[in-house]
Amino acid sequence: MRIIIVGNGKVGSTLAEQLSAEDHEITIIDQNQQNVDNLVNQLDVMGICGNGASYRVLLEAEVSQADLLIACTNQDEINLLCCLVARKLGAKHTIARVRNPEYSDQLVFMRDELGLSMSINPERAAASELFKVLKFPSAIKIETFSNNRVEMAELKLRKESKLCGVYLRDLHKLFKGRALICAVQRDTAVTIPDGNFMLQAGDKINVIAPAGDMLDFFSAFGAILPEAKNVMIIGGGRISFYLSRMLLENGAKVKIIDIDPRRCDQLARLLPRAMVICGDGTDQDLLDEEGLRDADAVVALTGVDEENIILSLYAQSHTEGKVLAKVNRPSLAAIAETTGLESIISPRALVANMIVRYVRAMHNSMGSNVETLHRLVGGQVEALEFRVSDSFPAMNIELKDLNLKPNILIASISREGKTIVPGGRDVIMKGDRVIVVTAHHSFDDLSEILR
């Protein structure tokens, strides 16, 4: 596919790297010549220096031949204008990054009127991810599939966990509900396990289950923590605004600490039910005075990754509540995990995953489209949801008889509103939604799981 990316910032460069790795023809447009040259030298992409909303620049990029244009500059209005001009010049699909909360309520209108294929708000997406974990603090991370009917949770096994020493083939003896452990990270090694795999303390496991059964699974093994109802947020940016609004609507108490008096005034007006404190969130005395020790959860959302990591480490040593942090740089996120921080969110990675999922669905011509894509355990494993069409060659064959590629697990089948955690005697039928967990990358179609 021919893809044009306008804006070579954090999101644009991440997208260029991931999409070029999947063999798409990428052209990057940015007004900074050095940024363009650096990316062209690093990746197999074309580069143009110029304004991505310019008619002349888009013609130079041959936008009329583009399958997709992605506008992800730091200005919402420029992104929307890029998409509008690109559509008029013949681009087949357009995606705009739109971050301003004032536009959030009119995105449906803008998509219809401007011909946008998709609009993405990184901060709102990050807030949604954080909110899911705060509703279910036992988990490091929560992903959803099949219109929220299926959940996948990441959990770290403590020494006292009843799962330690259990072979997966014996899991059904301990838990009668519907759940499947579909990926395990032990130290740096990642495994898609079979029944002979034995769980150990320190393992990070990914569990998939129908939404109603996940809580039962955690309860059965003594890993349940109550929903966070008293939340301290450090940093008052857009993610903080969206997250606070979600928490307040869910009945939680929210305390926001930010050092900028003008931002505090804005938040106080926008969120009258939240407690907004103007102060330095890195001041330990201030955090203690404002009830850090009593918080059910502490969320570090300043604009500096290093600050968020340090704040989170301090919070972990002074509260028993859930600690979450925003860390955008992958190298720092990896370092943070080695220090014991578990729940880390990256808006950049979230947006990239959403767009890669959309691109794969566009690229697929065989019918069993990628409907949902989540990257697990630091991107080493993918969980993909496919819709089964007539083209799938192995329908109505028992799963135990399928000739699957290695490191693939069929984790869930949704059929007519019911969720099946499959066994060897189950089959895949037309119209099913099938969730596949794999160590392979770039699957576009369900048939690619077969040898």
Side-chain angles (χ1 to χ4, degrees), residues 76 97-108 119-145 147-154 211 214-215 225-258 263-264 266-277 281 290-292 294-303 308 311-312 315 319 321-328 342-351 353-354 372 374:
D76 293 348
R97 184 175 75 165
V98 182
R99 306 168 66 194
N100 192 328
E102 293 180 9
Y103 296 145
S104 61
D105 296 329
Q106 58 194 58
L107 287 179
V108 173
S119 58
I120 292 180
N121 185 328
E123 287 79 13
R124 194 172 191 172
S128 295
E129 293 295 311
L130 292 166
F131 180 67
K132 285 189 288 188
V133 175
L134 291 174
K135 287 192 70 176
F136 201 174
S138 307
I140 297 171
K141 191 176 181 182
I142 296 280
E143 310 286 11
T144 59
F145 301 85
N147 297 321
N148 298 320
R149 289 196 295 269
V150 179
E151 294 178 335
M152 183 178 289
E154 185 175 313
M214 187 65 77
L215 188 61
L225 293 173
E227 182 176 341
K229 288 294 186 181
N230 179 18
V231 182
M232 176 181 285
I233 300 174
I234 305 168
R238 290 189 179 102
I239 299 177
S240 301
F241 166 74
Y242 287 119
L243 177 60
S244 298
R245 191 166 66 176
M246 294 173 189
L247 289 167
L248 291 166
E249 289 173 354
N250 196 50
K253 294 180 180 178
V254 177
K255 186 175 290 185
I256 307 169
I257 300 175
D258 193 88
R263 183 57 180 166
C264 289
Q266 288 177 333
L267 289 171
R269 288 196 304 270
L270 293 169
L271 303 166
R273 288 187 291 152
M275 180 179 291
V276 182
I277 297 157
E290 295 301 334
L292 174 73
D294 299 323
D296 297 331
V298 179
V299 190
L301 296 176
T302 76
N308 291 334
L311 283 168
S312 299
T319 180
K322 184 76 173 179
V323 178
L324 305 96
K326 181 191 75 169
V327 181
N328 253 322
E342 296 173 349
S343 293
I344 295 172
I345 195 82
S346 167
R348 178 201 315 188
L350 277 173
V351 170
N353 289 347
M354 292 166 72
T372 311
H374 293 295

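In this chain, residues are counted from 1 in sequence order.
- The two residues Val133 and Lys141 come nearest to each other via the heavy atoms CG2-CA, 3.9 Å.
- Using a cutoff of 4.0 Å between basic side-chain nitrogens and carboxylate oxygens, Glu227 and Lys135 are not scored as salt-bridged.
- Nearest heavy atoms, Ser244 versus Leu271: CB-CD1, 3.6 Å.
- Nearest heavy atom pair, residue Ile140 against residue Ser343, reads O-OG, 2.9 Å.
- Formation of a donor-acceptor pair under 3.5 Å by the Asn308 side chain with backbone atoms of Ala325 is not found in this model.
- For Tyr242 against Arg99, the heavy-atom pair with the smallest separation is OH-O, 3.5 Å.
- Note that the CG atom of Leu324 and the CG atom of Leu130 stand 5.5 Å from one another [nearest 0.5 Å].
- Put simply, CG on Leu247 and CZ on Phe131 are 6.0 Å apart, with the number rounded to the nearest 0.5 Å.
- A donor-acceptor pair under 3.5 Å links the side-chain atoms of Lys322 to the main chain of Ala139, judged by distance alone.
- Counting only distance, with no hydrogens or angles, the side chain of Thr319 and the backbone of Ala315 share no donor-acceptor pair below 3.5 Å.
- At least one donor-acceptor pair under 3.5 Å links the side chain of Asn328 to the backbone N or O of Arg348.
- Not a single donor-acceptor pair under 3.5 Å links the side chain of Asp296 to the backbone N or O of Ala228.
- Judged purely by atom type and a 3.5 angstrom limit, Arg238 has no side-chain atom pairing as donor or acceptor with the backbone of Glu123.
- Between Leu292 and Met232, the closest heavy-atom pair is N-CE, 3.8 Å.
- Side-chain atoms of Ser119 never come within 3.5 Å of backbone atoms of Val98 as a donor-acceptor pair (strictly under, hydrogens ignored).
- Using modelled atom types, no side-chain atom of Lys253 and backbone atom of Lys229 make a donor-acceptor pair closer than 3.5 Å.
- Using a distance-only test at 3.5 Å, with no hydrogens or angles considered, a donor-acceptor pair links the side chain of Ser240 to the main chain of Gly235.
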